[in-house]
**Student:** 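Could you have a look at this structure, given as structure tokens, before my questions?
Chain letters run A, B, ... following the sequence lines, proteins first and then strands; every chain starts at 1. Note that the structure is predicted; figures quoted are calculated from it, not measured.
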Amino acid sequence: MIEALKLSKVFPASKKSKEVRAVNAISFYCKPGEIYGLLGANGAGKTTTLRMLATILEPTSGTAKVAGYDIVEEPEKVRANVGFLSTATALYGRLSAKELVEYFGRLHGMDGDALHKSVDGLFTALDMNSFRDRRCEKLSTGMKQKVSIARTLVHDPQVMVFDEPTVGLDVMAARAIARFIRECRERGKTVIFSTHVMSEAAKLCDRIGIIHGGNILEEGTLEALRARHGKQDLEDIFVEAVGEEL
Amino acid sequence: MSLRNIGVVYRKELVDSLRDRRTVVSMFVIPILLFPALSVGLGLLGATMMNKAKEEIPRVMIIGGQDSPRIVEALKKNDKIQIVPESADFETQITDRKIRAAVVLPPDFDAAANRGEAGKVLVDYYEGDIKSELTQKTVRDILRDYRMDLAKSLLTAKGVSTGLLEPFSLDENNVAPPEKVGGSGFGGMIPYFVIILAFTGAMYPAMDLTAGEKERGTMETILTSPVSRTDLVLGKFFTVVTASLATAILALCSMGISFMLAKNTIDRLLSKNDPSFHFSLDPRGVLAVFVMILPLSVLFSASMLAVSLFAKSYREAQTYISPMTFVVILPAIVALLPGVELNTRTALVPILSTTLVGKELMAGNHPWGFIALIFASSCVYASIAIGAAVTLFNRESVLFRS
């Protein structure tokens with residue numbers, strides 16, 4: 001379960017830039033077995049929101065409960081129950097696929113049989129045994145993606161956070177990620193997913209939140225959004241909600 | 001803080017660093033190969049060149065002296081120099097290294113000397129050319145001996161005791177043990193080299209584990225783990241310290257082995273010039289130097305970790321770290337200057353203090369008060385640096401600097 005309560009993030013002014021209110025008191029929720037999509041253009045506040053939920057960034061005000069833990073009060077417990085995947089979360093090139101997944105398992109407090117069982121299970125399920133001992137820097141994009149997925153799943157988190165996970169990927173790789181996101185939902189995990197690709201949001205998400213300028217402007221199922229705006233195409237709905245041509 | 005988590009991060013970072021070619025080169029190749037080659041190799045080369053210069057019988061020209069056969073004969077019969085025929089362009093010949101020196105005799109030298117009125121004898125040589133300098137010294141010695149013999153014969157002829165020329169005799173006795181001699185020479189340089197290597201050993205892993213992670217995009221990955229940021233930075237810090245100490249230990253070992261192997265040769269070469277010379281190092285001194293370098297290594301590691309953590313990329317980190325190299329080299333050089341001594345003030349200056357106390361330790365002295373002060377002050381500086389690194393690692397503005 002994810003419950004964001006007036007979550008805000010303000011980046012203070014620096015010599016080079018003015019103060020930026022990246023996320024402005026947003027509230028939303030996402031239940032187990034549901035995919036919640038944050039749909040927004042670049043700079044809308046998607047990444048900042050998801051980084052706050054994953055406790056990589058601290059909110060300026062407001063808070064959120066993730067898997068039952070407060071992101072401000074118990075960030076380490078939150079991280080122990082979250083799997084975070086984005087194109088920015090790269091792999092350690094000099095570690096082998098197995099070493100990397102094991103390392104993240106250990107960071108999640110796993111050891112011995114439990115760790116080996118989890119790693120072996122993931123490598124079999126994701127068909128990764130043929131390259132388990134190959135260094136990550138030598139892997140193809142598809143292989144790297146599988147390692148990243150195994151990395152996020154090694155501790156069997158209740159909540160999955162995906163920040164634009166298909167950016168820069170080819171069609172096949174993007175479809176594999178979409179399949180993986182659906183599988184997470186089927187396993188009863190709470191899934192939050194950010195994208196700027198309308199078709200992706202339309203296909204995957206149970207509920208969509210349109211985010212712009214740090215505010216959630218619209219929220220609901222695709223059908224509800226269509227009914228509210230009297231439009232079929234999500235792109236048209238998005239442009240109308242945002243109130244400007246991008 | 002969890003020791004288990006720090007251990008997990010440390011083990012991973014160590015494996016990762018040992019697979020990084022730049023770290024391996026700075027940690028193993030430089031101390032094991034390059035360093036002994038530079039120190040012992042250059043030492044041997046220098047000693048060999050010096051001996052070669054000494055073995056050469058230099059060509060010397062006498063300018064004038066046609067009316068003074070006695071002094072000319074005295075110079076000619078000395079087998080340490082070879083007299084060549086006079087030529088007007090003697091200065092050019094010295095510059096061109098055709099001859100090493102020239103002795104310019106005033107007119108009517110022999111007769112005037114007998115009266116005790118001979119003017120100045122001038123020895124021309126080329127400063128900066130080691131062979132010319134050595135020849136100048138040899139010629140001066142020959143002329144001094146000749147002057148003494150002449151003075152004695154003149155006094156004897158006048159019936160005066162030659163003992164008046166030397167009312168007392170003078171001799172020196174060196175009470176410093178061989179370690180001290182070694183310590184003040186080659187040995188004094190050892191702490192300096194080890195400090196530099198402890199710094200360079202920490203440099204690459206410090207940049208790779210911070211700015212390198214940011215550049216490769218793994219920083220965000222690691223921040224998604226439940227391990228606290230303090231544990232993460234401490235795991236990284238211990239990896240950098242390990243690299244720094246490993247470089248220092250390897251440097252000391254390879255240097256020790258090289259010196260042991262080269263000892264006889266160095267002894268043989270250098271004792272030709274100075275028969276009392278015996279090259280030796282006190283292993284306890286080397287060990288003590290290593291102990292003193294421990295807190296310095298911690299200071300280097302934490303400072304470089306903090307500085308490169310601030311950088312967005314490896315290249316930016318290099319820009320910040322490169323000037324730090326001078327900050328390390330400068331106090332170490334100051335410590336090698338004559339007259340800079342260990343006192344309460346210098347004992348509080350990091351790096352300088354360790355180099356100075358290292359010199360003392362290598363020379364077999366143990367100034368315990370200063371040792372304690374330096375160790376304690378270095379520990380304080382190191383703690384401040386670790387604190388800075390931990391604080392920076394907990395700041396979003398540093399981790400996500402863009």
**Student:** Is there a side-chain contact between B/R216 and A/R94 in this structure, where contact means two heavy atoms from C-beta onward sitting under 4.5 Å apart?
**Tutor:** yes
**Student:** Could you give the distance from CZ (A/F84) to CD (B/E220), rounded to the nearest 0.5 Å?
**Tutor:** 5.0 Å
**Student:** For B/Y320, does the OH atom have more than 12 heavy-atom neighbours from other residues, nucleotides or ligands under 6.0 Å away?
**Tutor:** yes
**Student:** Check whether A/L91 gets within reach of chain B through its side chain, its backbone, both or neither, counting any heavy atom under 4.5 Å.
**Tutor:** backbone
**Student:** Non-hydrogen atoms of chain B under 4.5 Å away: do they reach the side chain of A/F104, the backbone, both or neither?
**Tutor:** side chain
**Student:** For side-chain contact (heavy atoms from CB on, under 4.5 Å), just list the numbers for B/E396 and A/R51, CA-CA rounded to whole Å, side-chain angles, deciding distance to a tenth of an Å, and then say yes or no.
**Tutor:** CA-CA 11 Å; B/E396 282 173 9; A/R51 279 180 173 171; over 6 Å; no
**Student:** Would you give the length of the straight line joining atom CD1 of B/I222 to atom CD1 of A/I56, rounded to the nearest 0.5 angstrom?
**Tutor:** 11.0 Å
**Student:** In the structure I gave you, are the side-chain heavy atoms of A/V82 and B/T224 within less than 4.5 Å of one another anywhere?
**Tutor:** no
**Student:** By a 4.5 Å heavy-atom criterion (distance strictly below it), what part of A/S148 contacts chain B: side chain, backbone, both, or neither?
**Tutor:** neither
**Student:** Check the surroundings of atom CZ in B/R4: do more than 12 heavy atoms from other residues, nucleotides or ligands lie under 6.0 Å from it?
**Tutor:** yes
**Student:** Identify whether the distance between the nearest side-chain nitrogen and carboxylate oxygen of B/R19 and A/E137 falls below 4.0 Å.
**Tutor:** no
**Student:** For B/V8 and A/R106, work out which heavy atoms get closest and say how close.
**Tutor:** CG1-CB, 3.7 Å
**Student:** For each of A/V161, A/D111, A/L85, tally heavy-atom pairs with chain B at distances under 4.5 Å, and name the one with the top tally.
**Tutor:** A/D111
**Student:** Report the distance from atom OH of A/Y103 to atom CZ of B/R11, rounding to the nearest 0.5 Å.
**Tutor:** 10.5 Å
**Student:** Are the side chain of A/R79 and the backbone N or O of B/S228 linked by a donor-acceptor pair below 3.5 Å?
**Tutor:** no
**Student:** Atom CZ of residue position B/F199 - does it have more than 12 heavy atoms of other residues, nucleotides or ligands inside 6.0 Å?
**Tutor:** yes
**Student:** Decide if atom CZ of A/R182 counts as having more than 12 heavy atoms of other residues, nucleotides or ligands within a radius under 6.0 Å.
**Tutor:** yes
**Student:** Is A/E99 in contact with chain B via its backbone, its side chain, both, or neither, using a 4.5 Å heavy-atom distance?
**Tutor:** side chain
**Student:** Under 4.5 Å heavy-atom distance to chain A, tell me which part of B/V227 shows up: side chain, backbone, both or neither.
**Tutor:** both
**Student:** I'd like to check A/L107 versus B/K12 (side-chain heavy atoms, cut-off strictly below 4.5 Å). Are they in contact?
**Tutor:** no
**Student:** Say you draw a straight line from CD of A/E76 to CG of B/D231; how long is it, rounded to the nearest 0.5 Å?
**Tutor:** 7.5 Å
**Student:** Using a 4.5 Å cut-off on heavy atoms from C-beta on, say whether the side chain of B/P226 contacts that of A/K77.
**Tutor:** no
